[in-house]
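Protein chains get the first letters and strands the later ones, always in sequence-line order, with residue 1 at the start of each. For clarity, every value in this text was computed on a predicted model and none was experimentally measured.
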Protein chains: 2
Amino acid sequence: MSDESRQPKASRRAFLTGSLAAGGALAAVGAARAAGDPAILELPDWTTTLGEGVDANPYGMPSEYEAHVVRRNVPWLTADPVSSVNFTPLHELDGIITPNGLCFERHHGGVAQVDPAQWRLMIHGLVETPLVFTLEDLKRFPRVNKVYFLECAANSGMEWRGAQLNGVQFTHGMIHNVMYTGVPLRTILEECGLKPAGKWMLAEGADAAAMTRSIPIEKALDDCMVAFKMNGEALRPEQGYPARLVVPGWEGNMWVKWLRRLEIGDKPWHHREETSKYTDLLPDGTARRFTWEMDAKSVITSPSPQAPITHGKGRTVITGIAWSGRGTIRRVDVSLDGGRNWLPARLDGPSFDKSIHRFYHEFDWDGRPLYLQSRAIDSTGYVQPTKDALRSVRGVNSIYHNNGIQTWYVNENGEAENVEVS
Amino acid sequence: MSDESRQPKASRRAFLTGSLAAGGALAAVGAARAAGDPAILELPDWTTTLGEGVDANPYGMPSEYEAHVVRRNVPWLTADPVSSVNFTPLHELDGIITPNGLCFERHHGGVAQVDPAQWRLMIHGLVETPLVFTLEDLKRFPRVNKVYFLECAANSGMEWRGAQLNGVQFTHGMIHNVMYTGVPLRTILEECGLKPAGKWMLAEGADAAAMTRSIPIEKALDDCMVAFKMNGEALRPEQGYPARLVVPGWEGNMWVKWLRRLEIGDKPWHHREETSKYTDLLPDGTARRFTWEMDAKSVITSPSPQAPITHGKGRTVITGIAWSGRGTIRRVDVSLDGGRNWLPARLDGPSFDKSIHRFYHEFDWDGRPLYLQSRAIDSTGYVQPTKDALRSVRGVNSIYHNNGIQTWYVNENGEAENVEVS
């Protein structure tokens, strides 16, 4: 251990003295005693009384003090909650894993409650041998484990026409990042034997919406999976229990849940979810189709409207997430002044292909207003654009694929707001 | 895409035909129709009726069909559930992440329900400036994200005197593997300024047991963390909410939960948890002390007594976990015949320092009895020993640090049992 490590950090000390003066709470023990801090002068109930035993919670839940950390929906956003969305509370999360209970939900016919004993996956069409798989059959093939983000194509969609929803949970919360266990789709398709004419695959769900999407066979044979576990345990019902399609880096709608059928064909099926929906309406009235890959994107999750700065000036931690449907995140830049000046953020935690990455920027806040932005650069060199740059190309008719740079205005009191800067 | 990938796998087909004949369910569509499989001939309720909406479950839970996947305790193991343990259902998990709700619990005075607003961390003793931290103070320091296993020193302890508990959940379930977000302990100690005489650190919990352990300052300054998040969300109450000590690779008892005090001293404190407990009683009546590092270990989680083979002979997947307190896992070997012959297992998923690793072995089961074993080799070259090898050195008085090779006997029906082979 270095001698350096044994010495107090004078600069940082000054820092905290400053923050203390400004209302920060870090206190010398003597000062805390003098201030009569009950937290160090009195023994709390949880120290003087026995707590619950190991038989109390067979499946554990968060602390009652975290009851506000939940998925939230916006009732006016859709006509009915059975064909709607709720949002991941990004402002309360850290690291890169989204807990299963907080992964946003999007379904078009409500959550299918599938009996795993009755679940079947049928593969037919342009294959040598059409097959029907039970869940047990699926689990007899070699498995892989991969961490991938799933982002709804409509994430941040409300922002095309300007700052709308005031909270990162609502502007960017249609994303989660999970470790999947499943079987490579390639293995299953090879089991059936693809015919040379097979160029496209139709994936169909067993829910009341019978969600169906056309997927090019090249993607199906590349990195797609049929997953039956997320973050170690069985898929959650709202995420497609007992098995879903995983389509890494591509829009969430294609990750068909409650998967029941894969048909191999020679052309796309042009179903509702790839014609009237999940296409980008351009200014001239034409539409971009098959815009599957999610472009590189990032957002600061704290501070943000739901996570204001409450400690006053002094040392402040900015954190956020970045991801790309085309690979890993090479760099994230952070701006405190609405994009005039950029500073490289500190990336921390695992870097996986097509996964969320976590970034931080620590700085000494002087208490003046901030215009916070983040900008992701992915492994292909692609740089996350401004919202205006996107609008100049795509107009404002679309509700999909908005990966523009987000701005949070932070006032002198540390309160944050969703704004736009030009 | 290669032409090869378009062709059926004749060998594998034969394989499955074999398994079909032996009761495996993978069926050609025609055969399934002929067999009148209702799962493909009738539309299930979850396809014909709308499911729950996005406002139904703000914090999601597993499917009702997974209600058996829970932590379980063994009532006769301890006098009272408030000073006891429950076990992670390893046989139902895959990948390397343990979901927060299934992480085993071990506490000595029940679960402390700590109010985060009242939580304080006091650091005193041989430091330049004793300090009291609030949770907000803690969150103003630079954070790191790391995946580590936590194993109780008593995991597999019942096995010292022979095969006892019939299920991997009970023989090896005192372990979990989580991504932590927190502040390096070194950062916090530097904030106070360590005095040169400071050689040891006492960590104390705020629970009714006031758990206390002595930790060498070198470890404290190396890779320890004060963590406030696990798998992205706040620590769970039973895991030390709002903050716990993370002591990578060392026995779980040292990872003090509900952390309230760190004292720097010049020698260990010789508290109860490091004298009468968490020491290894040897045949000659002396005891090994300060045996902190968890040696390399592995176990097959499926098939196992709670996860029998139900599909009959044919293609079979063996899976399990391996870990080491001294680094990563370089290799895992699997034996089907009680250790006479060894085959290298397939490692899959991320490999992190002091984290659980996932391994698989796929083979064609001929239906004859198996004696399944796994053997871990870590990045230091250490090879997991047999139970007998451990006993020859340490006898059978200890209840701690049993990392011996586990054997599962699998009979002709696929049922598994905890046994020992010599």
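- Here Val114(A) is the residue among Val114(A), Val144(A), Val70(A) with the most heavy-atom pairs under 4.5 Å with chain B.
- Under a cut-off of 6.0 angstrom, the local environment of NZ in Lys146(A) is sparse, with at most 12 non-hydrogen atoms contributed by other residues, nucleotides or ligands.
- Ranked by heavy-atom pairs shorter than 4.5 Å toward chain A, the options Ala56(B), Gly109(B), Ala117(B) are led by Gly109(B).
- No donor-acceptor pair under 3.5 Å is formed between the side chain of Ser63(A) and the backbone N or O of Arg236(B).
- When heavy atoms are compared at a cutoff of 4.5 Å, Glu238(A) approaches chain B solely by way of its side chain, counted from C-beta outward.
- When each of Pro116(A), Gly349(A), Pro89(A) is scored by its heavy-atom pairs under 4.5 Å with chain B, the top score falls to Pro116(A).
- Of the candidates Val111(B), Val74(B), Asn86(B), Asn86(B) is the only one forming a side chain to side chain contact (heavy atoms under 4.5 Å, CB included) with Val54(A).
- Of the atoms belonging to Arg120(B), it is side-chain heavy atoms, and not backbone ones, that fall under 4.5 Å from chain A.
- Checked by atom type, the side-chain pair Asp348(A)/Asn145(B) shows a donor-acceptor distance below 3.5 Å.
- Both the backbone and the side chain of Asn57(B) come within contact range of chain A, each with at least one heavy atom under 4.5 Å from a heavy atom of that chain.
- Both the backbone and the side chain of Ala206(A) come within less than 4.5 Å of a heavy atom in chain B.
- Leu43(B) touches chain A through its side chain: at least one heavy atom from C-beta onward sits under 4.5 Å away, while N, CA, C and O do not.
- Counting heavy atoms from C-beta outward, His311(A) and Arg140(B) have side chains that approach closer than 4.5 Å.
- Annotation: maximal heavy-atom pairing with chain B below 4.5 Å, among Pro130(A), Gly95(A), Pro75(A), occurs at Pro130(A).
- Looking only at side-chain heavy atoms (C-beta outward), Pro350(A) and Met179(B) come within less than 4.5 Å of each other.
- Using a distance-only test at 3.5 Å, with no hydrogens or angles considered, no donor-acceptor pair links the side chain of Asn231(A) to the main chain of Pro99(B).
- Note that the NZ atom of Lys139(B) and the OG1 atom of Thr319(A) stand 12.0 Å from one another [nearest 0.5 Å].
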Before you tell me yes or no, could you show the steps for Thr47(B) and Arg260(A) under side-chain contact (heavy atoms from CB on, under 4.5 Å), namely the whole-Å CA-CA distance, both residues' side-chain angles and the distance that decides it to 0.1 Å? CA-CA 11 Å; Thr47(B) 298; Arg260(A) 78 169 169 199; 3.4 Å; yes
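- At a 4.5 Å heavy-atom cutoff, the contact between Asn73(B) and chain A is made by side-chain atoms alone.
- The minimum heavy-atom distance linking Val69(A) with Tyr59(B) is given by the pair O-CD1, 3.9 Å.
- Interface residue Val317(A): only side-chain heavy atoms are found under 4.5 Å from chain B.
- Using a 4.5 Å cut-off between heavy atoms, Leu138(A) does not touch chain B at all.
- Contact tally against chain B (heavy-atom pairs below 4.5 Å) for Tyr180(A), Phe352(A), Trp258(A): the top residue is Phe352(A).
- What you find for Pro62(A) and Pro237(B) is that their closest heavy atoms are C-CD, 4.1 Å.
- Applying the salt bridge (Lys or Arg N to Asp or Glu O under 4.0 Å) test to residues at least two apart or on different chains, the pairs with a partner in residues 94-118 of chain A are Arg71(A)-Glu105(A), Asp94(A)-Arg358(A), Asp94(A)-Arg143(B).
- Leu102(B) places a side-chain heavy atom less than 4.5 Å from the side chain of Glu233(A).
- No other option in Asn177(B), Leu50(B), Asn100(B), Ile96(B) has as many heavy-atom pairs under 4.5 Å with chain A as Leu50(B).
- Only the backbone of Val85(A) comes within contact range of chain B, judged by heavy atoms closer than 4.5 Å.
- Within the model, atoms CH2 of Trp46(A) and CG of Asp207(B) stand 12.0 Å from one another, a figure rounded to the nearest 0.5 Å.
- Contact of Thr49(A) with chain B is made through the backbone alone, with heavy-atom distances under 4.5 Å.
- Between chain A and the residues Gly110(B), Gly53(B), Ala208(B), Pro58(B), the largest count of heavy-atom pairs under 4.5 Å involves Pro58(B).
- The candidate with the highest count of non-hydrogen atom pairs below 4.5 Å against chain B, out of Trp119(A), Phe133(A), Phe104(A), Phe228(A), is Phe133(A).
- Glu362(B) is not listed as a side-chain neighbour of Phe141(A), based on a closest heavy-atom distance of 4.5 Å or more.
- For Glu66(A) and Tyr241(B), the side-chain atoms include at least one donor-acceptor pair closer than 3.5 Å.
- If you measure heavy-atom distances from Tyr360(B) to chain A, the contacts under 4.5 Å come from the side chain alone.
- In terms of heavy-atom pairs under 4.5 Å with chain A, the best-connected choice from Met122(B), Arg261(B), His107(B) is His107(B).
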